[in-house]
There are 2 protein chains.
Amino acid sequence: MPRVTLHDVALEAGVSDSTVSRALRGLDKVDEGTRAKVKDAARELRFSFSRNASSLASGKTMRLALLFSDALNTWFDSSVLQGAYEVLSPAGYDIIPSTVSTDFELNSFLNRLPYDGNVDGVIVCSINLDTAQSKALKKLTIPVVGLDSRTIDGFDASVLMDDDTAMDDAVGLLQGLGHQRIAFVGWPAPGDFRFSSQLRAGAFMKAAKRLGFDDGSVARIDLGKMNDYRSPDDALSAAAARLLALDPRPTGICVEVDGFAVPLIAELKRFGVRVPEDMSVIGFDDTDVAAAVEMTTVHQNPVEMSRLAARKVLALMRGQTLDEAHSVLRPMLIPRKTTGPIL
Amino acid sequence: MPRVTLHDVALEAGVSDSTVSRALRGLDKVDEGTRAKVKDAARELRFSFSRNASSLASGKTMRLALLFSDALNTWFDSSVLQGAYEVLSPAGYDIIPSTVSTDFELNSFLNRLPYDGNVDGVIVCSINLDTAQSKALKKLTIPVVGLDSRTIDGFDASVLMDDDTAMDDAVGLLQGLGHQRIAFVGWPAPGDFRFSSQLRAGAFMKAAKRLGFDDGSVARIDLGKMNDYRSPDDALSAAAARLLALDPRPTGICVEVDGFAVPLIAELKRFGVRVPEDMSVIGFDDTDVAAAVEMTTVHQNPVEMSRLAARKVLALMRGQTLDEAHSVLRPMLIPRKTTGPIL
DNA sequence: TTGTAAGCGTTATCAA
DNA sequence: TTGATAACGCTTACAA
């Protein structure tokens, strides 16, 4: 099956190559009559552009890279994929996902980028860059937007969640329900990175302080990295054990992500701790699972966040300037059945 | 930031362009001394290949298209993305997801493909092709593998689940628990397509017959398409209402997908039907949500299926032949807490 | 409004 | 083992 080229269409339509190019790309300064003729020929021959050739000639690749630090089938990452696809695909862009799980991989990615020319833009997801990495980004000629990153440094644009306010809401709910002793349970992240973990734990401590909890009544459980455990179940047991060992034992906890909070509740039950009678639990994300078990959680919408980020790269790739380069979204606390008053 | 080209490296290393190309691609017939020299120059200049130029010259794009009929952030599709990424990325391939939701879109995709030359292969996911479409595929010069499709017609290779056996297991469990009246609840699929719905409904009816249920004791609820409803909640209410209207009312049901089964259970509870006391429910997929609510379901592993499919395209793209082009995987019934004996 | 021709950055063929 | 040189399929000045 020999490739049908622009030239074939030109021959068929009886015009020059450049006219075909112009006609098919919808440029002006083309007689509508010839355009119709060309389109007919193209349709008949089933012509479609070689993106490679177009890219090579024009310098635009019409491709965008999405960089993740976790698996593509996680709730957050797959939502980002979908959101980005929704806005980029109609604009004619292909999206190309990649993942990195170590700083080494991240650095290779970042180092290759500036000289690479294989994509027109990048969305970087849930990755916190260090100073050197941010600096590397600044040298790029293609736009890079950060999504769910800690800082906006180095990014041409970004979309972040306001974790502080969310945490105020969450801790505020526990306080309002009468809880005096509270704790934060960090999620053992996969890979080398610390994600936003440190962020949420820090936000929790700040919120607690702001709301008047004293040091003795606030605990923080840091479980390290997932790789430190033989299995996710082990991490879960560790979390439950450490929680119950706390003295005084907290009656209200925030768990960094829903995906860890839901099985933790089951694990707690196994230890004889009822939720919410003995302990109130608040998660973060509002995934399907959280909704299914009616867990109180902090809702965020990564599809929407990603659409916004994609609109930003798109504008930047088109050479436009953004009126608001850096957006901060407000997550929303959804009280459900895993939080209750002190009995 | 001017692009660093192969030529720049050649200049730096004091050799010809072609030598750089050969050296960097690891081809033989290159003196190891010069190769080292070239590599040094490349590293120093931070050179990386332009995929576009390589593709144009070589005819290989090193890109693979993934075609879905549903959103990228669904459980199944995102798992496929991840599985494919795991095997194709190390092999140097980029993966490019696209979605189609109408037959028209599907046809445009298929028609463009053969003359397109923008990808080296395609994985088609959960899409049932009609005869004309299968025929169109056969003309392609790039390999196309089907994943979770109804038939293997037109595909160079495929990975399917054995829905029949799974259904035998599911219906068998209900029967074993003493249920005399059973029903299948179809999931109102989004978009134009019917996915594997018809397949599972059909498999259910067959399994029931095989196990000795007579026509009067088996019901099948077809809810049409999601687009027919104002909201997913409406579809849910419709399902529950139709179920309860059944006379005699079934005591055991199979629901096409977990994602519909879980909220349906909640809806049933609202109607005063307890699960499993009044009605046993079996789902399909074994998603996180199913596990979280301890629902009996039929487990399948789309990440693993996708890895297998990806290995197949990869081999085909490399011109190898497959010893087993078409694989059928066996799903597994996981009994949990939504099924119980007749009380 | 249309055509000519020079790239774009590689690979591949053929000589050397 | 290396080096010219002609593709690859398109875009884009510039000329007509």
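Values reported hereafter were calculated over all heavy atoms of this structure, with side chains retained and with hydrogens, waters and symmetry mates removed. These numbers were taken from a predicted model, which means no experiment stands behind them. A, B, ... follow the sequence lines: proteins, then strands. Residue 1 opens every chain.
At a threshold of 4.5 Å between non-hydrogen side-chain atoms, the residues A:V30 and A:V38 do not count as touching. The side-chain heavy atoms of B:Q133 and B:N107, taken from C-beta on, include a pair separated by under 4.5 Å.
Distance CG (B:N118) to P (D:dG9): 12 Å, rounded to an integer number of Å. For the pair A:L6 CG and D:dA7 C1', the computed distance is 17 Å after rounding to whole Å. Rounded to whole Å, the distance from CD on A:E32 to P on C:dT1 is 9 Å. Rounded to whole Å, atom C1' of D:dA7 lies 15 Å from atom CG of A:D17. Whole-Å rounding puts the B:K60 NZ to D:dG9 P distance at 14 Å. Note: CG (B:D28) to C1' (D:dT1) measures 11 Å, nearest angstrom. Remark: P of D:dT11 and NE2 of A:H7 are 15 Å apart, rounded to the nearest angstrom. Atom CG in B:L11 sits roughly 12 Å away from atom P in D:dA4 (whole-Å rounding).
The two residues A:L81 and A:P97 come nearest to each other via the heavy atoms CD1-CB, 4.0 Å. Listed here is the closest heavy atom pair of B:S98 and A:Y85: CA-OH, 3.3 Å.
Put simply, B:R51 has no side-chain N or O that comes within less than 4.0 Å of OP1 or OP2 on C:dT11. Look at A:R35 and you won't find any side-chain N or O under 4.0 angstrom from OP1 or OP2 of C:dT2. Between A:S16 and C:dG3 there is a side-chain polar atom (N or O) within less than 4.0 angstrom of OP1 or OP2. Phosphate proximity of C:dA12 to B:R22: absent, as no side-chain N or O sits under 4.0 Å from OP1 or OP2. Within the 4.0 Å cut-off from OP1 or OP2 of C:dG3, at least one side-chain nitrogen or oxygen of A:T19 is found.
Among D:dG9, C:dG3, C:dG9, the nucleotide with an atom closest to any side-chain atom of A:S50 is D:dG9. Of the candidate nucleotides D:dA7, D:dT2, D:dT11, D:dT11 has the atom nearest to the side chain of A:A57. Nearest nucleotide to the B:S21 side chain, out of D:dA4, C:dT11, D:dC10: C:dT11.
Here the OG atom belonging to B:S126 is positioned 10.0 Å from the CG atom belonging to B:L67, to the nearest 0.5 angstrom.
B:T34 comes within 4.0 angstrom of sugar-phosphate atoms only, judged by non-hydrogen atoms across all strands, and of no base. Nucleic acid contact for B:S54: sugar-phosphate only, since backbone atoms but no base atoms lie under 4.0 Å from a heavy atom of the residue.
You'll find a donor-acceptor pair under 3.5 Å spanning the side chain of B:S18 and the base of D:dA4, going by distance alone.
One end of the helix from C:dT1-D:dA16 to C:dA16-D:dT1 points its axis 30° away from the other end's axis, with each axis taken from 5 pairs and the angle rounded to 10°.
In this structure, B:K29 and B:L56 both approach DNA chain D, and ranking their closest nucleotides by distance from the 5' end singles out B:K29. Residue-to-nucleotide proximity on DNA chain C shows that, of B:N52 and B:L27, the 5′-proximal contact is made by B:N52.
For the side-chain hydrogen bond (donor to acceptor under 3.5 Å, both in side chains) condition, the pairs that include at least one residue of residues 56-68 of chain A, sequence neighbours left out, are A:T61-A:D120, A:R63-B:N52.
Annotation: B:K138, atom NZ; neighbour count of heavy atoms from other residues, nucleotides and ligands within 6.0 Å is above 12.
Side chain of B:S306 to main chain of B:A84: a donor-acceptor pair is present (N/O by atom type, distance under 3.5 Å, no hydrogens or angles).
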